[in-house]
Chemist: 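First the structure, which I've put down as structure tokens, then a few questions once you've had a look.
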Amino acid sequence: MDTTLIALGALALSGALATVAGCAEDAESDVGSQSNPNSQVQLAPQMGNIHRYYNKAISGEPVSYGLFVSVAGAIAYALMQAGINPILAMILGAGAAAFVHGAYAVSAYLGRIVGQSKNFGQPVYWDVVMSHLGPIVGHGFIAVFCMVLMAYLANTLLGDPFPLPLIAFIFGITVGAIGSSTGDVHYGAEREYQKYPFGGGVPVANHGDIDVEADYGIRNSMDSSYFCVRVGSVLTGLCFGLIVFLDGWRGVLGNILGGLSGGSAINASIISIVIGLIIVAAMAIINRKIEVFARNKFGPYTK
């Protein structure tokens with residue numbers, strides 16, 4: 001029972017860490033315009049809209065965060081094997097990943113903007129780089145450290161058989177995928193296309209015709225983060241936290257029920273799979289009920 005309680009505590013901590021990591025990842029991607037709307041920022045100079053948005057997306061969030069978190073996990077794992085305290089090793093690993101993240105962010109921004117400067121007149125604003133780099137690296141450090149700590153808990157207390165760097169890589173691509181889906185629902189058209197009616201999507205003819213003026217001065221990606229952190233970042237964190245918690249809880253509960261049914265590892269695995277299928281089915285039904293309720297409540301878009 002003591003082992004079960006420790007596993008439940010580690011699982012609860014992992015869920016909390018995943019929630020923080022998801023919030024930080026979405027906020028970081030909003031500051032750096034590394035989400036689906038980055039294509040709109042990329043097209044803006046071609047539409048005659050000279051902007052001060054930061055744009056660092058040269059790969060999707062799953063790929064880049066898989067890189068950052070696996071770098072941190074590999075360094076932390078190597079330091080722990082050398083006898084360094086695990087917490088200190090994870091801090092150093094996340095710090096090294098932050099330097100990689102910063103170098104990536106600067107080179108990506110300069111590469112994208114310089115590529116547009118000659119043909120479309122888009123200037124390189126060095127003050128944009130300096131003002132956005134701190135929040136990008138800072139939010140990235142928080143997200144990466146939380147996921148490396150999650151990987152450490154999974155490897156040491158939750159019975160995950162994979163090595164720490166591989167678990168960290170899996171968490172990295174997972175949070176990147178969630179940030180590109182859940183977080184983006186509350187970013188992009190809602191913020192960059194405020195001069196167009198809300199709810200009708202963005203017609204192809206309007207792609208790149210984004211707003212470049214803020215309430216006071218010229219808009220930049222920091223404005224997007226102030227807007228998105230209220231909803232998009234929170235939902236990203238909740239989504240990632242629920243995935244980690246429910247999946248881990250499925251395994252812990254399977255082990256408990258498997259022990260009650262005779263202690264067979266095969267029984268525990270089968271029970272865990274059944275619990276997972278029940279959770280997925282329940283989520284599908286709940287999502288369907290919410291969608292039908294929303295359509296009946298608000299109806300189709302009107303002219």
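The model shown is predicted, which means the values in this text are computed figures rather than measured ones.
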Chemist: Take His132 and Met222 through the side chain to side chain contact (heavy atoms under 4.5 Å, CB included) test and state the conclusion after the steps.
Modeler: CA-CA 7 Å; His132 287 62; Met222 296 288 282; 3.4 Å; yes

Chemist: Is there a side-chain contact between Ser272 and Leu253 (heavy atoms, below 4.5 Å)?
Modeler: no

Chemist: Is there a path of hydrophobic side-chain contacts, each under 4.5 Å between heavy atoms of I/L/V/M/F/W/Y residues, joining Ile243 to Leu153?
Modeler: yes

Chemist: Going hydrophobic residue to hydrophobic residue with side-chain gaps under 4.5 angstrom, can you get from Ile178 over to Val280?
Modeler: no

Chemist: Scan Glu25, His101, Glu28 and name whichever one has a side chain to side chain donor-acceptor pair (under 3.5 Å) with Tyr65.
Modeler: Glu28

Chemist: Distance check, rounded to the nearest 0.5 Å: Leu238 atom CG versus Cys23 atom SG?
Modeler: 6.5 Å

Chemist: Could you list the residues that satisfy ring pair (Phe, Tyr, Trp, His ring centres under 6.0 Å) with Tyr109, not counting sequence neighbours?
Modeler: Tyr54

Chemist: Taking side chain as C-beta onward, heavy atoms only, is Gln116 less than 4.5 Å from Gln42?
Modeler: yes

Chemist: Taking only residues two or more places apart in sequence, or in another chain, which ones meet Phe171 in a ring pair (Phe, Tyr, Trp, His ring centres under 6.0 Å)?
Modeler: none

Chemist: Name all residues meeting the ring pair (Phe, Tyr, Trp, His ring centres under 6.0 Å) criterion together with His139; count only those two or more places apart in sequence or in a different chain, and write none if there are none.
Modeler: none

Chemist: Would you say the side chain of His207 lies within less than 4.5 Å of the side chain of Met47, judging by non-hydrogen atoms?
Modeler: no

Chemist: So how far is it from Glu61 CD to Thr174 OG1, rounded to the nearest 0.5 Å?
Modeler: 13.0 Å

Chemist: Ring centres under 6.0 Å, that's the criterion: do Tyr152 and Tyr77 meet it?
Modeler: no

Chemist: Could you give me the CA-CA distance, side-chain angles and deciding distance for Asp26 and Ser29, then say whether side chain to side chain contact (heavy atoms under 4.5 Å, CB included) is met?
Modeler: CA-CA 5 Å; Asp26 184 74; Ser29 69; 4.2 Å; yes

Chemist: Out of Ile218, Val41, Val128, which residue meets the side chain to side chain contact (heavy atoms under 4.5 Å, CB included) rule with Tyr53?
Modeler: Val41

